[in-house]
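Below, chains carry the letters A, B, ... as their sequence lines are ordered, and counting in each starts from 1. Heavy-atom basis, side chains included; hydrogens, waters and symmetry copies ignored.
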Amino acid sequence: MGKRVGIEVSLAVAEAVKLCDVDVVSAYPITPQTHIVEELSHYVANGDLDAAFIPVESEHSAMSAAVGSSATGARTYTATSSQGLALMHEILFIAPSLRLPIVMTIANRSLSGPISIWNDHSDIMAERDTGWVQIFCENGQESFDLTVCAFRIAEDKRVLLPVGVNMDGFILTHMIEPIEFMDKAEVKAFLPDYKPQLTLNPKKPVSMGPVGVPEVYMEAKKQYEQALWDSKAVVKEVLAAWGKHTGRKYQLVETNGKKKAKTVFVTMGSLGETAMTAVDNLVAAKQDVGQVRLRLWRPFPKEEMKKALKDAAKVVVIDRALSPGGVCGPLATEIKSLFYGAKDAPKIVNIVAGLGGRDVSVKDFEEMYAKAKSGKIKDDYVIWGVESNA
Amino acid sequence: MLRDVDLSGYRKITGKNVPRESMVASGHRACQGCVEVLAMGMVTRAVGNDCIICNATGCMEIITSPYPQTAWKTPWIHVAFENAGAVASGIEAALQSLTRKGKRKGPLPTVLAFAGDGATADIGLQSLSGALERGHKLIYVCLDNEAYMNTGVQRSSSTPFGASTTTSPAGKKSIGQSTRKKNLPAICAAHDIPYVATCSPAFHLDLMNKVRKAMAVDGPAYLHIYSVCPTGWGAKPEIGISLSKLAVETNVFPLYEIIGGRYNITKKVTKPKPVLDYLKVQRRFRHLTESDVAKIQQQVDDSFAYLNTMAATFPAPKEKGGAKDEE
C-alpha cells in the first residue's frame, strides 16, 4: 500500500489525468467541475503536464474540440457538469459513433430549473442513451482509480468508445478525502500508450462522419451498440487488472449487508456509502437487509444485477433523478424491466431522493427501510421528503 | 487593431503553375452549375494534399460523403453543423501536442474548415469566434451561397437585402429579406487575426493566392468565398462564373484582404457596372421594383465607400511578390 494523502477529490482526479499523460484537455468552466480543470491548466502552465489545454468558449465546443483532437490520435480529456453536459448533448452521440476514446469526468449536478449548482443525477440521466460507457464513483479513491481505468477501457481495441466517469458534485468533488496515489511509472505500467487505429493523417486519408443513408444507418448503430455491450467484459478485465496492480478491487455490481437478505437497497454514486452505514446499523439491529451498489450504468450489467438480487423479496431502488411523467425513476425502470416476466421477481419499491443537493442521511435510509418493509409505499415511486401521496 | 504579419512563407501561384489536382474527386452529387463545390476544389488545389479538412454539416458535406462513397482524397471529418471552428481547433491542438511530444513527425498539415454561410454567420458564429480568438493555426473557409440551401433556401443572416427565400419570401407586405447582409469578414478581422480575405471563383488566381497567404501566416485565417447557388438563386446553371464576376464588377462582392488589420482591395473596379445587371439575372430578386433596386444600389455604394475609406486609412504594405511555387 502506498501512502495516503488528504486531498480534495477534484485535485486527485486532476492528478490521475496528469499521470495518464493526456495530450489534449479541452474544457469550459462550470461548477462543480472547475477545480479539476483549473488544476490541469496549472499543470500545463507549470510544465508538469505536456498537453494542449484548449480553453474553449462553451461545452458544445469542448466536446467538439475533443472529438477533433481524439480523431487526430491524441489522448483527450474533458470534464463538465449539469447545464454544460446538456449543452454537449448533440455531440455526445457523435463521439461514440466515431469510436473515439475520449474520457470525461462528470461532476454530477442537477439541471435547471430552478437553477441549482448542487448534486443529483439528472444531468447524466438525460444523456443515458448517448452510447458512452458510464461509470459511477462512490468516493474519492474510486474517483482517482476509475479515472485511470477509464483511459484503459476507452482505448482498448475491443472498445474504442468514450467513457464518462460520474462523481457526485460537491459531495465528492469538493470533499477532502484520504487518497492513495500512484507514481507515473506505476500508471504507465498499467496504462499502455494509446495506439489509435484510424486517425486524420494525410499519409493515410480517411473520411470520418459520412452521411448514413437509410441502407446503412441501422447497421452503423448496431455496430456501435454491439461495441458498447462488448465493452462490459473489458471493463471487468480492466477492473480486475487494477485490483492486481493496486490491491483495490472493484466489481461492476457490489454487495454489502446481510447475505441473502430479504430487503435490498440498490444505490448508485455517493449515496451508496451513506446507505452502507444505515445497512450496517440495521443489520446490527438484527434486520434482514442488504445493499447492492451499481458501478457500471452503461452497458448495464444485467446478469450481475440479477445475481446480486436473486434472493431478495423486496428491492428498494434509490434514484437520484426524476423522470417526470414516467413510470418510475431511471434506475428503477431498469431494475423493473430486468425482472419482467420472472417468476420469482421481487417487489420493487422506488424512492427518488436527494435532488438538487438535498441531504439524504443515514436516518433517512433507516426510515426508508421501515416504510418499505411495512408495505406503506404503494405508488410506483415516491419523492422522498416531499411525498404527498405516501 | 493593427499588427505586422510575416508573409515570407507565401508561395505564389501564377498562370504557369496552377496546381492541377483538386482534393475533391469528380462524381460527387452537387447540383448542376454548383459554384460552391468549384470554389472548394480551388481551395484544395492551392492547399495540396498535406491537409486535414473539417466540414460543417451542409451541402458540401452531403454531396461528398454518402457512405460508402467519399469524394475526399485527403483526411476529412464531419461532426455537426455549428462546430467546424471547434473541431478544427481540436485537430490543430492535437497536432501541436503530438508533434511536441514526439508522437508524430514532420511539418504540421494545413488544418482547413469548410462551412456554409448559415454554419458560419448564424449557428456556428460562436464556435468560429472561439477558434479565431484562441489563435489556432487554421484556415476557416466560409462558402457563402447566401441562404440555407441544403434545407431548401431558407434565409440566413448572410442573405442579401431584398432576396426572396423560403423563409423571407417576397409578398404584398414583404420585400423579401428585410435586413442587410452580415459583414462576416469585418467580424473576423475584429478578432485581431493575421489574415482575412474575400474571394471569388471567377478570379481563381486571386482566390488561390489568398489561400496561399492564409497558409503562410502564423495564426488563424478567414476566407469568405462568394459561392453562386444556381438552384437557390434561380439563376441559369451555366452562368455561375459570369455571375460571380458580375458580383465583383458591380461592387456587390468586392475582393479584398485584411492583413493584420490593413486593407488591400485586390480587384480594383474602375467603372462599376450598375447593380441591376447583377440582380436581373436571378429569380430571387425578380420581385424588386425600381425604387428597391435604387435602394440596393445605394447600399452597395455605401458599403464600398466604407471599404475604400478603410483601405485608404489603413493600407496594406505593397506585396513583395512571394516566392514562386516549384510546380
Side-chain angles (χ1 to χ4, degrees), chain A residues 21-26 28 44 50-76 78 90-91 93-95 97-98 100 102 193-196 198-213 215-217 219-220, chain B residues 23 29 48-55 57 61-98 100-104 106 109-111 113 124 126-131 133-134 136 138:
Chain A
D21 191 30
V22 296
D23 302 312
V24 174
V25 177
S26 153
Y28 186 80
V44 172
D50 190 358
F53 186 94
I54 318 177
V56 282
E57 81 296 333
S58 75
E59 287 89 354
H60 192 281
S61 284
M63 188 44 60
S64 299
V67 165
S69 159
S70 187
T72 310
R75 182 173 282 168
T76 305
T78 185
E90 179 198 23
I91 311 303
F93 288 86
I94 298 169
S97 95
L98 293 176
L100 300 174
I102 298 161
D193 287 341
Y194 173 39
K195 297 229 163 57
L198 281 176
T199 61
L200 296 168
N201 176 5
K203 293 198 179 83
K204 209 179 153 198
V206 289
S207 294
M208 295 189 188
V211 179
V213 292
E215 291 77 11
V216 299
Y217 182 87
E219 282 74 8
Chain B
M23 297 305 140
R29 300 181 179 193
N49 59 8
D50 194 19
C51 70
I52 297 173
I53 291 170
C54 163
N55 207 158
T57 307
E61 167 259 330
I62 295 279
I63 61 144
T64 57
S65 79
Y67 185 87
Q69 298 169 335
T70 179
W72 291 98
K73 300 182 200 169
T74 57
W76 177 90
I77 185 168
H78 158 249
V79 181
F81 194 8
E82 69 283 56
N83 64 355
V87 176
S89 300
I91 294 169
E92 191 264 357
L95 289 171
Q96 299 276 9
S97 176
L98 293 174
R100 196 177 54 233
K101 292 172 95 167
K103 295 181 182 178
R104 70 168 292 283
T110 302
V111 178
Q126 173 182 318
S127 171
L128 167 64
S129 174
E133 171 272 324
R134 290 189 300 268
H136 297 278
L138 52 85

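Heavy-atom contacts from other residues, nucleotides or ligands closer than 6.0 Å to OH of B:Y67 number 12 or fewer.
With chain B as partner, the option from A:V67, A:V213, A:N201, A:D193 having the largest number of non-hydrogen pairs under 4.5 angstrom is A:N201. For the set B:A93, B:A88, B:S89, B:G106, the count of heavy-atom pairs under 4.5 angstrom toward chain A peaks at B:A93. Contact count versus chain B (heavy atoms, under 4.5 Å) is highest, among A:V206, A:I54, A:D50, for A:D50. For the set B:K103, B:E82, B:E133, B:R104, the count of heavy-atom pairs under 4.5 angstrom toward chain A peaks at B:E82.
Both the backbone and the side chain of B:E61 come within contact range of chain A, each with at least one heavy atom under 4.5 Å from a heavy atom of that chain. Looking at A:V22, only its backbone comes within 4.5 Å of chain B, counting heavy atoms on both sides. Using a 4.5 Å cut-off between heavy atoms, B:Q126 touches chain A through backbone and side chain atoms alike. Within the 4.5 angstrom heavy-atom criterion, only backbone atoms of B:C51 (N, CA, C, O) approach chain A. Contact of A:S207 with chain B is made through backbone and side chain together, with heavy-atom distances under 4.5 Å. When heavy atoms are compared at a cutoff of 4.5 Å, A:L200 approaches chain B by way of both its backbone and its side chain. Heavy atoms of A:A66 lying under 4.5 Å from chain B are absent altogether. Heavy-atom distances place the side chain of B:L98, and not its backbone, under 4.5 Å from chain A. Both the backbone and the side chain of A:D21 come within contact range of chain B, with heavy atoms under 4.5 Å apart.
Taking the side chain as every heavy atom from C-beta outward, A:H60 and B:S127 never approach each other to under 4.5 Å. Counting only heavy atoms from C-beta outward, the side chains of A:L98 and B:I77 approach each other to under 4.5 Å. For the pair A:P210 and B:H78, the minimum side-chain heavy-atom distance is 4.5 Å or more.
Listed here is the closest heavy atom pair of A:E57 and B:G130: OE1-CA, 3.6 Å. Of all non-hydrogen atoms in B:N49 and A:P202, the two that sit nearest each other are O-CB, 3.7 Å. What you find for A:G68 and B:I91 is that their closest heavy atoms are O-CG1, 3.5 Å.
At a threshold of 4.0 Å, the pair B:D50-A:K203 does not count as salt-bridged, since none of the basic side-chain nitrogens sits closer than that to a carboxylate oxygen.
A donor-acceptor pair under 3.5 Å is formed between the side chain of B:S65 and the backbone N or O of A:V211.
Note that OG1 of B:T70 is 12.0 Å distant from CE of A:M208, once rounded to the nearest 0.5 Å.
Considering A:S64, A:S61, A:S58 as possible partners of B:N83, the one that fulfils the side-chain hydrogen bond (donor to acceptor under 3.5 Å, both in side chains) test is A:S64. For the side-chain contact (heavy atoms from CB on, under 4.5 Å) with B:S97, the qualifying choice from A:D23, A:T72, A:T76 is A:D23, the only one to do so.
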